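FYI, side chains are in, hydrogens and waters are out, and symmetry mates aren't considered; it's all heavy atoms of this structure. Order of appearance sets the numbers: ligands from 1, and atoms from 1 within every ligand. Since this is a predicted model, take the numbers as computed values, not measurements.
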Amino acid sequence: MTEKKNFITIGTFDGVHKGHQTLISGLNKLAKKNNMAPLLVCFPLPPKTLLSNSPELTVLTLPDEKYALLKHYGAKNIEILNFKSCRHISRENFFDILLKRYNMGGLLVGRDFAFGKERKGHIDFLRAACAKQGVKLVVADFYGNKDSGGHKISSSLIRKTLLDGHIRLAGKFLGRKYTAEGIVVTGKKLGRKLGFPTANLGINHYKVLPQGVFSVEAVLGKEKFKGVANIGFRPTVNPIHAKVPLVEVHILNFNRDIYGKNLSVNFVDKIRGEKKFDGLPALIKQMTVDKALAEKQVKLKR
Ligand SMILES: Cc1cc2nc3c(=O)[nH]c(=O)nc-3n(C[C@H](O)[C@H](O)[C@H](O)COP(=O)(O)O)c2cc1C
Ligand SMILES: Nc1ncnc2c1ncn2[C@@H]1O[C@H](COP(=O)(O)OP(=O)(O)O)[C@@H](O)[C@H]1O
């Protein structure tokens, strides 16, 4: 008996958004119909991020978070490619790797897909190469829905949507709430004195972080709480403008020591931008208003 061939799709899949989710279910259907196994070939980070080493080029999903999401949305087999070692490979050799090493019998790509050195492996090349090797090529149209006004939902659109503070809209493109997670680290220990203890999170600097004050779900292991988060530079208490913004979460109706624990933040909505207040009483007054809003906006499913 010969080994089943793979119906392959390739990409970075940053964000694992609705477009990616549609591609994954399309791949599973195509594989089944053609009696092949579905295989998702994935780059860990967007090629641009890997090429520049620039922390400004951030991602919606860090690699491990992404693999877990890909599986969650139905990817059955995932192969992780090392972009740094692939980027000099010609389109012909890259195609050959897919064909031989990954046993390709079918290929599903988006309309604007390109791969190989200088992205020369575009659709016209793929059409010819696939026809020659008897590989079934399927070119998927862009995924867009009424939330995107019919436009293509892409990782860069979602990055911009989040950074512009349109949190609910970004959630619609993602098909879930945007999430960031980190270990709770110590801060200035001022929060408790203000009546607003905040868990400060150490977050990977490659992660896209919208700035301002947000209503959030705070997830601690299997428990979920309402929370209010500030992502910024705290100009009221911090005269020195730091390089990277600080992420801190006040969990509502909660009083536990969680230093060293892993905390996830699911963004629900933006409340306002960060401001410099004229002293701590004004800041506390505003935080009380923020907290009341978060209480209303976050609806935990029981
Ligand atoms: C809901 C919320 C809103 C906040 N908004 C602001 C703000 O607009 N401006 C600001 O300077 N700091 C803001 N902060 C940050 C506080 O200054 C900070 O939590 C406080 O200094 C405690 O710091 P610590 O965790 O290091 O002890 C906010 C914090 C929270 C929890
Ligand atoms: N409601 C709460 N929300 C967030 N953290 C809390 C809460 N209650 C207690 N904590 C604990 O208190 C710490 C925050 O207190 P805070 O005075 O702001 O100190 P720090 O400046 O070190 O963050 C958190 O890291 C957590 O361990």
Side-chain angles (χ1 to χ4, degrees), residues 55 58 62 65 161-171 177-205 207-302:
T58 48
L62 294 164
E65 180 188 7
T161 306
L162 280 172
L163 295 174
D164 287 347
H166 304 304
I167 305 300
R168 284 191 195 267
L169 185 60
K177 291 179 186 73
Y178 184 62
T179 301
E181 69 171 309
I183 302 288
V184 178
V185 296
T186 44
K188 286 187 178 167
K189 307 260 182 196
L190 180 67
R192 230 170 302 213
K193 286 187 206 135
L194 303 180
F196 282 88
T198 54
N200 297 9
L201 298 188
I203 291 187
N204 187 305
H205 67 273
K207 182 89 183 172
V208 169
L209 288 174
Q211 286 183 25
V213 178
F214 303 89
S215 54
V216 301
E217 294 174 355
V219 186
L220 199 63
K222 289 201 165 80
E223 295 176 284
K224 212 182 243 187
F225 304 90
K226 296 184 180 191
V228 60
N230 182 55
I231 305 184
F233 301 95
R234 316 192 298 170
T236 313
V237 293
N238 210 359
I240 309 154
H241 199 278
K243 270 196 187 145
V244 283
L246 191 87
V247 179
E248 45 178 350
V249 191
H250 170 72
I251 308 172
L252 273 54
N253 309 315
F254 181 92
N255 184 14
R256 278 188 233 164
D257 179 345
I258 50 168
Y259 288 121
K261 296 244 156 69
N262 193 77
L263 186 71
S264 278
V265 174
N266 302 336
F267 291 83
V268 173
D269 211 345
K270 182 164 179 174
I271 294 178
R272 63 179 175 90
E274 189 182 48
K275 280 192 345 202
K276 184 172 165 80
F277 288 93
D278 221 0
L280 292 178
L283 171 64
I284 295 170
K285 201 172 157 202
Q286 181 60 54
M287 289 199 287
T288 310
V289 174
D290 299 335
K291 183 177 162 180
L293 256 176
E295 173 68 59
K296 269 197 213 155
Q297 289 177 349
V298 185
K299 302 210 163 34
L300 297 180
K301 284 192 198 103
R302 293 276 167 210

Just jot down the ligand 2 atoms closer than 4.0 angstrom to any heavy atom of [X], in number order.
X: I258; value: 26 (C), 27 (O)
X: G191; value: 17 (O), 18 (O)
X: N200; value: 23 (O)
X: F254; value: 1 (N), 2 (C), 7 (C), 8 (N)
X: V184; value: 25 (O)
X: D257; value: 27 (O)
X: V249; value: 3 (N), 4 (C)
X: N255; value: 8 (N)

Please say whether T198 places an N or O atom under 3.5 Å from an N or O atom belonging to ligand 2.
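Yes: some nitrogen or oxygen of T198 is under 3.5 Å from one in ligand 2.
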G187 N/O under 3.5 Å from ligand 2 N/O:
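Yes - when backbone and side-chain N and O of G187 are compared with those of ligand 2, one distance drops under 3.5 Å.
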Measuring only between side-chain heavy atoms, which start at C-beta, is [X] closer than 4.5 Å to [Y]?
X: Q286; Y: V213; answer: no
X: D269; Y: I271; answer: no
X: L162; Y: I167; answer: yes
X: I258; Y: L220; answer: yes
X: M287; Y: H250; answer: no
X: D290; Y: F196; answer: no

Heavy-atom donor-acceptor pair, [X] side chain to [Y] backbone, under 3.5 Å:
X: Y178; Y: V208; result: yes
X: K177; Y: V265; result: no
X: K226; Y: V298; result: yes
X: K270; Y: Q211; result: yes
X: K299; Y: K296; result: yes

Smallest separation among heavy atoms of T161 and A170, with atom names
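Scanning both residues, the minimum pair turns out to be CG2-N, 3.7 Å.
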Locate the shortest heavy-atom distance separating K224 from L300; write the atom from each residue and the value.
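Of all heavy-atom pairs spanning K224 and L300, the closest is O-CD1, 3.5 Å.
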Whether over 12 other heavy atoms sit under 6.0 Å from K188 NZ:
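Atom NZ in K188 is crowded, with more than 12 foreign heavy atoms closer than 6.0 Å.
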Quick one: does ligand 2 sit under 4.0 Å from the side chain of [X], the backbone, both or neither, non-hydrogen atoms only?
X: R256; answer: backbone
X: I251; answer: both
X: K188; answer: backbone
X: L252; answer: neither

Starting from [atom], which protein heavy atom do you reach first, and at what distance in Å?
atom: atom 19 (O) of ligand 2; answer: Y259 OH, 3.2 Å
atom: atom 6 (C) of ligand 2; answer: P197 CB, 3.8 Å
atom: atom 17 (O) of ligand 2; answer: R192 N, 2.8 Å
atom: atom 21 (O) of ligand 2; answer: K189 N, 2.6 Å
atom: atom 5 (N) of ligand 2; answer: A199 N, 3.6 Å

N/O donor to acceptor pairs below 3.5 angstrom from side-chain atoms of residues 233-240, sequence neighbours left out:
residue: R234; atom: NH1; partner: E248; partner atom: OE1; Å: 3.3
residue: T236; atom: OG1; partner: K275; partner atom: O; Å: 3.4
residue: T236; atom: OG1; partner: F277; partner atom: N; Å: 3.0

Using a strict cut-off of under 4.0 Å between a residue heavy atom and any atom of ligand 1, list the qualifying protein residues by chain and number.
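Within 4.0 Å of ligand 1, the protein residues are G187, K188, K189, L190, G191, L194, T198, N200, V213, V228, N230, R234, P235, T236, V237, E248, R272, E274, K275, F277, L283, M287, D290.
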